[in-house]
There are 2 protein chains.
Amino acid sequence: MADKGAYAEGRPATIKDVAARAEVGIATVSRVFSGGSVSARTRERVRAAAEELDYRPSAVGRSLKTQRTGGIGLIVPDVTDPFYSDLMAGVLDCARSLGEHVVVDAAHGDPEREALIADRMMEQRVDGIVAVPMGGNEAWESVLRAGGNVVFADRESPAGGPAAPAVFTDDRAGVRSLVEYLVGLGHRRIAFLGAAGAGEAVGVREGAFRDTLAQRKVAIREDLMVVARPERDSAYAAAAGLLQGGADVSAVLASGHLLGEAAVLVARELDLRVPADVSIAMVGDVPWAELCDPPLTAVARPGHDVGYRACELLLRDRARRGRGGPVLVPTELLIRGSCGPPRGSRGR
Amino acid sequence: MADKGAYAEGRPATIKDVAARAEVGIATVSRVFSGGSVSARTRERVRAAAEELDYRPSAVGRSLKTQRTGGIGLIVPDVTDPFYSDLMAGVLDCARSLGEHVVVDAAHGDPEREALIADRMMEQRVDGIVAVPMGGNEAWESVLRAGGNVVFADRESPAGGPAAPAVFTDDRAGVRSLVEYLVGLGHRRIAFLGAAGAGEAVGVREGAFRDTLAQRKVAIREDLMVVARPERDSAYAAAAGLLQGGADVSAVLASGHLLGEAAVLVARELDLRVPADVSIAMVGDVPWAELCDPPLTAVARPGHDVGYRACELLLRDRARRGRGGPVLVPTELLIRGSCGPPRGSRGR
DNA sequence: CTGAAAGCGCTAACAT
DNA sequence: ATGTTAGCGCTTTCAG
């Protein structure tokens, strides 16, 4: 076989191998693959050589030269959570449309781990990071100082730090609409089932809950405000404590899908009929909400949109960032069958 | 301010900037960050300089030199599907423990898109790829030829091609145990609700279904073998067709969680009691299966394990790859409340 | 239109 | 222990 270049199988082909095989300079090969002007004849020769060698231009070589990797980082607490899955899908969709790839990692609610991941992504020289931050901003300040551009998703930028842009759902409005719906149904003894540790996000929901109740002149029952740790067991225990206590609760607003699940399970075990004995509603829609019997009324938080817009903000609107404050994505109240008038009300 | 090196803010600091500021050679800086021998005093000076500059060693520079990126690619059909979410979490866990990062993308069942993604990952020079392949092996052959190492997950290596190692769940055994359970309960008119287009995987399930029935001397009713397209609507229509036709079906085995969902919904709409009027079971466990009323009996397919082991196979056991054939991860039959003896049976 | 050469940030000899 | 230097694969002037 004619030896056009000493390329030997095993290691991926480089631009040099292709150049040698096509008997052109490496600059020409580069032009062929990054769109320079090359004569049709030469271009064909190069393509053929590349094909035979299974050549793929090395993104690392290119990145070193161009100082851009064409990749972004995505940090979520947990990839198996339906909301974050949706968010991830949104980021992926947007990134694809802008020709970037995505490095994903899960921090599992550990600020230290989150910082490590962010650091690593910075070393990777991603063009930007979309993060659902759990930690405070100490870690993120360092990233920001180093010139990293980051957009926070699903949470407001931690106060105090050099604010990064943020995209999140309008949970305040979501909870408000839900509470108003419940109050409108006649409920006065509404329990709030929240989770601790989720940072600011839950504070917002509880705040909106209290505010709306106050606005509607409904007394806030502190004994019906319970907060669980973010684990399944704790959620279950909290729900049990609430519902077992005697039928003083006419409705429960679960501030997350794990809490909602706990409420449904406990109600079923206690043989409480939903919504005849107790109404249940939750923040965060999930696939099983429709499969429940009865289907669960919920405030849908469009994770896909949040992810998409965060990515867009990161990549496309780099210029006008920070302007106009954080991006609020609207939620939607999905009224299904799990809420009704409280027992003993005059009905409708 | 004393001008230790002409570093100017804005662009990320390089090894040179740090070297200048610490007044050492660049090799020394490199040693500090990649574990060479450096005197404690010097090491400290370098650390300090790096800190002030927010220096992070560039992975792209390093990768170019070492020919390893320390990253792997993961290609799934859909990141929002619970099974693939689990699989992803498994890959992430394993990758983390081995110090690699993960580039994720979703192919959405489009072989062309899948090929594009794989190609891009090869350009990225990932150290390997874990893929849930939808396309045939044409695309993958090119990847393999170029020296890429790939492990298939959740599907057998496409026949004919240069086989890559594969890790998947033992669906054959899973379906068999489910069918045997159903037959043991007394069912003779069992419907199979499958989905087309999912490649080999579904074929295996249908095959196991038929084989087990034959083995147990139960006649296979071709009119009860229905196959839907992988969309929600089609699944729903198929389930409706099956259950409406008259109560000739005593149990339905849904070959996937979308199908199971459809079956549950249809049964509810038709006011069929589960399991009194009809038993329902499905392949693939999902969170909502426990929340159903009654909770759904299902064959759990451990996505996390599949992902973890695939990643391990890719990264750790590179040596003994191919030996011993594909890795089978066991499934588990989760008996819950959705299956009972058929109507009109003598009961227990 | 094409080739030669510099250099992106880093590591690994090799020299001191 | 530390500095010098030669590339890794690529893009991009700058000549021709």
Side-chain angles (χ1 to χ4, degrees), chain A residues 5-7 10-47 49-50 53-70 120 122-127 146-147, chain B residues 5-7 10-47 49-50 53-70 120 122-127 146-147:
Chain A
Y7 171 73
R11 138 203 70 116
T14 77
I15 198 172
K16 266 193 213 161
D17 301 318
V18 178
R21 180 152 192 131
E23 296 176 303
V24 298
I26 63 169
T28 302
V29 177
S30 172
R31 284 186 194 104
V32 168
F33 285 95
S34 31
S37 64
V38 185
S39 80
R41 240 174 53 80
T42 313
R43 177 177 303 270
E44 222 15 75
R45 280 237 309 290
V46 172
R47 284 216 179 289
L53 265 28
D54 285 306
Y55 170 72
R56 284 174 182 75
S58 160
V60 10
R62 175 191 285 113
S63 296
L64 187 55
K65 183 65 186 178
T66 61
Q67 301 291 62
R68 300 191 61 257
T69 54
R120 169 117 197 220
M122 289 301 285
E123 295 191 357
Q124 241 39 64
R125 296 295 189 268
V126 293
D127 295 345
Chain B
Y7 172 72
R11 138 202 72 113
T14 76
I15 199 172
K16 266 193 212 163
D17 300 319
V18 178
R21 178 152 194 134
E23 296 175 303
V24 299
I26 61 169
T28 303
V29 178
S30 172
R31 285 186 194 104
V32 169
F33 285 95
S34 29
S37 66
V38 184
S39 81
R41 239 174 53 77
T42 312
R43 178 178 302 270
E44 221 15 75
R45 280 238 308 290
V46 171
R47 284 217 179 289
L53 265 28
D54 286 306
Y55 170 71
R56 283 174 183 76
S58 160
V60 11
R62 177 195 279 104
S63 297
L64 187 55
K65 182 64 186 176
T66 62
Q67 301 291 60
R68 301 189 61 256
T69 54
R120 169 114 196 220
M122 289 300 286
E123 294 191 357
Q124 240 41 63
R125 295 296 190 267
V126 292
D127 295 344

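Quick note on labels: first sequence line is chain A, next is B, and so on, each numbered from 1.
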Can you tell me how far [atom2] of [Y] sits from [atom1] of [X], rounded to the nearest 0.5 angstrom?
X	Y	atom1	atom2	value
I15(B)	R56(B)	CD1	CZ	15.5 Å
L53(A)	T14(A)	CG	OG1	8.5 Å
E123(A)	R125(A)	CD	CZ	7.5 Å
R68(A)	D127(A)	CZ	CG	4.5 Å
Q67(B)	S58(A)	CD	OG	7.5 Å

Need two values: the first and the last nucleotide of DNA chain D, 5' to 3', having an atom under 4.0 Å from any heavy-atom of chain B.
dA1(D) to dG9(D)

I15(A) vs A40(B), nearer the 5' end of DNA chain D by closest nucleotide
A40(B)

Starting at the 5' end of DNA chain D and moving along, which residue's nearest nucleotide shows up first, R125(B) or S39(B)?
S39(B)

Does anything in residues 28-36 of chain A come within less than 4.0 Å of DNA chain D? Heavy atoms only, and list the residues if so.
S30(A), R31(A), S34(A)

Global bending angle along the helix from dC1(C)-dG16(D) to dT16(C)-dA1(D), which compares the axes of five pairs at either end, to 10 degrees
40°

Where does the chain B footprint on DNA chain C start and end, counting 5' to 3' with a 4.0 Å heavy-atom cut-off?
dC8(C) to dA13(C)

Can you name the nearest heavy-atom pair linking [X] to [Y], along with the distance?
X	Y	result
V46(A)	A22(A)	CA-CB, 4.0 Å
R21(A)	A49(A)	CG-CB, 3.7 Å
S63(A)	T69(A)	OG-CA, 3.5 Å
D17(B)	R11(B)	OD2-NH1, 3.5 Å
A146(B)	M122(B)	CB-CE, 4.1 Å
V18(B)	Y55(B)	CG2-CG, 3.4 Å

So, with a heavy-atom separation below 4.0 Å from DNA chain C, the residues of residues 59-66 of chain A are L64(A), K65(A)

Distance-only check: which donor-acceptor pairs under 3.5 Å involve side-chain atoms of residues 32-43 of chain B, not counting sequence neighbours?
from	atom 1	to	atom 2	distance (Å)
S34(B)	OG	S30(B)	O	2.6
S39(B)	OG	T42(B)	N	3.2
S39(B)	OG	T42(B)	OG1	2.7
R43(B)	NH2	G36(B)	O	3.4

V60(B), T66(B), L64(B) screened by side chain to side chain contact (heavy atoms under 4.5 Å, CB included) with R62(B), the one that passes:
T66(B)

